[in-house]
Amino acid sequence: MKRVVCAIMAGILLLAGQTAVPAAEKTLLGITAVPGENDSYSAMKAEAANPEYTFQTVNGDTVSSLSDGTKDVTVLVFGRISCGNSASTIQNIAQSGWVHNPKVRVIFVEMNKASLEEVKGFADLYGCEDITFCYDTGSGGVGAMWHYLSMAGISSSVTLPGTVLIDGQNNVQNIFTGYQSSYSIYLAMNQFTKVGGEGEQEDALRDIAVEGREDYDAVNRVLALVNETRAAEGAPALALDASLCEAAMLRAAEISLFYSHTRPNGQDCSSLLRKSSAHGENIALYAMDADMVMANWNRSPGHHANIVSTAYTSIGIGCFIDGDGSRCWVQCFDNVAATAPVRSGIVPVTRTISVWQSMIDLQTTEKSEIGCGDTQAAVQMDVRNSNREWSYCRTKLSAANFDFTSSNPGVAEVSEGGVITVKAVGTAVITASLKQNPAIKVSRTVAKKAHSYRDTVVAPTNTSQGYTLHTCTSCGDSYRDTYMPILTQPSGSEPGNGASGSEPGNGTSGSGSGSGTSGNEPGSGTTGSSESGSASGNRPGDTQTVGNQTGSQKFELQSAQITLSYTSTVYSGKEKRPSVKVVDRHGQFLGSEHYTVQYSNNSNVGQAAVKVLLRGSYAGSLSKTFTIVPKGTAISKVTAGKKGFTVKWKKQKIQTSGYEVAYSTSRRFAKKASGTAVIKKSGVSSTKVKRLKAKKAYYVRIRTYKTVRINGVSTKLYSGWSAIRQVKTK
């Protein structure tokens, strides 16, 4: 969903007893928004009787703003489905613990005349049945909101949403404007009634380091264009002020994380400025240079009004360039005498931004696949924050914010600075955890592909060895093994000169005394000896084996020529002995008379080894491994609970380290719809899974695991999954 910050204006921009101040505004793709006087996390006390309004719900009925006495709190949220502030606030409420409290009701009122189907689609995004969504068939929503805001003395401009808290006696207790976390609303409710927030997460400010560059040359160009614009309308030139420039540069870094006139710490933008009777702010994202951003601002009536206002005498300009080269722009105005700045050029900078953790949305590349032929050994893990008010803005954050860990250092390890070094074939999950709150984290899967070889047997010849050529079908990498010796010529291969008679039928054994010589006459192919001689006959139909007689060269067989009847099996407490098959260089299976088999580490969960010792016509040894996984378990009972469930299973303590409970709204356990609870003790037989969606069907399964060391690396081996059970949360 595209998010934009929305605002409403009512009447003229005047507050009683104050000097008229032009409204600061911003534009996003042509949509203009004006911030209010009280855009902050602090509530405005109203303390007035609650008026009655009736709103049309997406379910076909109506709901009243008046409490019927069964609720301790009514939370009215007036917003627009296209507004980023409104969407973020509703998302926070939907994910809270207190929204399911039967003493609390939440009503969202759409104010932009969105259709019934559009508001239904908006409601479906959050899947929270405890929020009543209403659409506006006329102007009733807008009128109701301004009636409530007038109770707090607001009559000029305001950033959406407007949030109203009403107690059980129908008194308006508090009014908020702008983005809100669920925790800020939770605290305000507890000021006048006790609201339980089961699993409620406390919001807190976190300091986030953002690295980038500040462009002071662009500042001077913007200043020149501002004063050209003012001169064209007869307004005096503005002076560049050092303190306003520092405020504008900080604000430029802030809007890269949270694009709003409300600062990421919840304060109004004016909290950074000097005390002045007039001040304003213009902000913008992504304009490539000073000329482009000034053209955009001047096309917007509100921005242009700030630029040419005679109420201002000083200006500060900020241009922050983030890690991707995107530019964030800010103008700050006031009417205090200026102190000239002295900086110029483009300066590297690290800005520390105070941010409510509810605004932090970490993102990174989900998965990196490194090809089998890719020699790249290192890759930087970039962590970004998705801007809650402009989701297309994803600012790189400094690696100094995070602790980095690898699930499998044998495959990929990661440095303190987030540099991932790929070491071996396999998969590793790299996690970046925020140092100030490790529960805020993001992960990236790194997978190094293995070669996929195609085997070609090259036969030996009279002049060269034979071998098996292995060629990777992905990258072309190749190697040779399983060498076969050069074919040898039998003795007497030349006519009349050798042990074999050259004439058919003359390969007879000679006898007599003497040392014996090779026959030289046709048909005399005999080999003499002191007592008797023998020769290999070469008659048609006789078979001759070359180079494989007992006592000749022995042939080495490589590991690619051994196969096991299985490579994984389940622990049973007994030795595991998969049967072995060995293949010779011609692809023929060798009989067991040619080898013996040894097994090791083949009883307990882990990696077992098989060693084949060759004998007879073959020499050397072959090795293979297989895995013994822990015995699984079964779910005995699943009991529904409030936004969760309790699952019980049969203990499996032997050769087991713990359990994993997987749950999902998808029967196929699709990744985005699933979660996992890890139980690190084998003696446990139940666990509670909390903070799920209410009244939602979940599929549940369980498996055991044992942590072992394989090749010096700590590795989890898992059993198979149990049968799936289903439960519907309350």
Where do [X] and [Y] come nearest, in terms of heavy atoms and distance?
X      : Y      : value
Tyr698 : Lys693 : OH-N, 3.1 Å
Lys120 : Val58  : CE-O, 3.1 Å
Ala694 : Lys643 : CB-CG, 3.9 Å
Ser65  : Leu76  : CB-CD1, 4.2 Å
Val383 : Ala432 : CG2-CB, 3.8 Å
His100 : Lys642 : O-NZ, 3.8 Å

Got [X] and [Y] here, is their nearest side-chain heavy-atom distance under 4.5 Å?
X      : Y      : answer
Ser64  : Glu52  : yes
Ser181 : Tyr186 : no
Asn112 : Asp136 : no
Val442 : Arg444 : no
Leu160 : Met145 : yes
Lys435 : Asp403 : yes
Phe320 : Val210 : yes

Tell me whether the guanidinium CZ or amine NZ of Arg701 lies under 6.0 angstrom from the six-membered ring centre of Phe669 and within 45° of its axis.
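Positive - Arg701 is close enough to the ring of Phe669 and near enough to its axis.
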
Walk me through it: do Thr193 and Asp167 pass the test side-chain contact (heavy atoms from CB on, under 4.5 Å)?
CA-CA 8 Å; Thr193 189; Asp167 64 22; over 6 Å; no

With a 3.5 Å distance limit and no angle check, can you tell me whether [X] reaches the backbone of [Y] through a side-chain donor-acceptor pair?
X      : Y      : answer
Asn92  : Gln180 : yes
Asp130 : Val106 : no
Asn387 : Cys393 : no
Trp329 : Val293 : no
Ser636 : Lys648 : yes
Arg105 : Lys71  : no

Heavy-atom count around Lys441 NZ within 6.0 Å, excluding the residue itself: above 12?
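No, not enclosed.
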
Is the count of non-hydrogen atoms from other residues, nucleotides or ligands lying under 6.0 Å from Glu366 atom CD greater than 12?
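No - once you tally the heavy atoms of other residues, nucleotides and ligands closer than 6.0 Å, there are 12 at most.
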
Scan side-chain atoms only and decide if [X] and [Y] contain a donor-acceptor pair under the 3.5 Å cut-off.
X      : Y      : result
Ser326 : Asp324 : no
Asn306 : Gln331 : no
Thr57  : Asn59  : no

Going through the distances and angles, do Arg274 and His279 end up as a side-chain contact (heavy atoms from CB on, under 4.5 Å)?
CA-CA 9 Å; Arg274 304 178 293 183; His279 55 73; over 6 Å; no

Nearest-0.5 Å distance, CD1 of residue Ile166 to CG of residue Leu66
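If I round to the nearest 0.5 Å, the distance is 8.0 Å.
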
Spacing of Asp322 atom CG and Arg384 atom CZ [to the nearest 0.5 Å]
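Spacing of CG (Asp322) from CZ (Arg384) equals 8.0 Å.
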
Report the relative orientation of the aromatic rings in Phe645 and Tyr663; use parallel for angles under 30°, tilted for 30 to 60°, perpendicular for over 60°.
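Taking Tyr663 first and then Phe645, their aromatic rings stand perpendicular (interplane angle over 60°).
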
Over 60° means perpendicular and under 30° means parallel, so tell me whether Tyr126 and Phe122 are parallel, tilted or perpendicular.
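Perpendicular.
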
Any residue meeting ring-ring contact (aromatic ring centres under 6.0 Å, His included) with Phe258, in chain and number order, not counting sequence neighbours:
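Per chain and number, Phe258 pairs via ring-ring contact (aromatic ring centres under 6.0 Å, His included) with Tyr179.
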
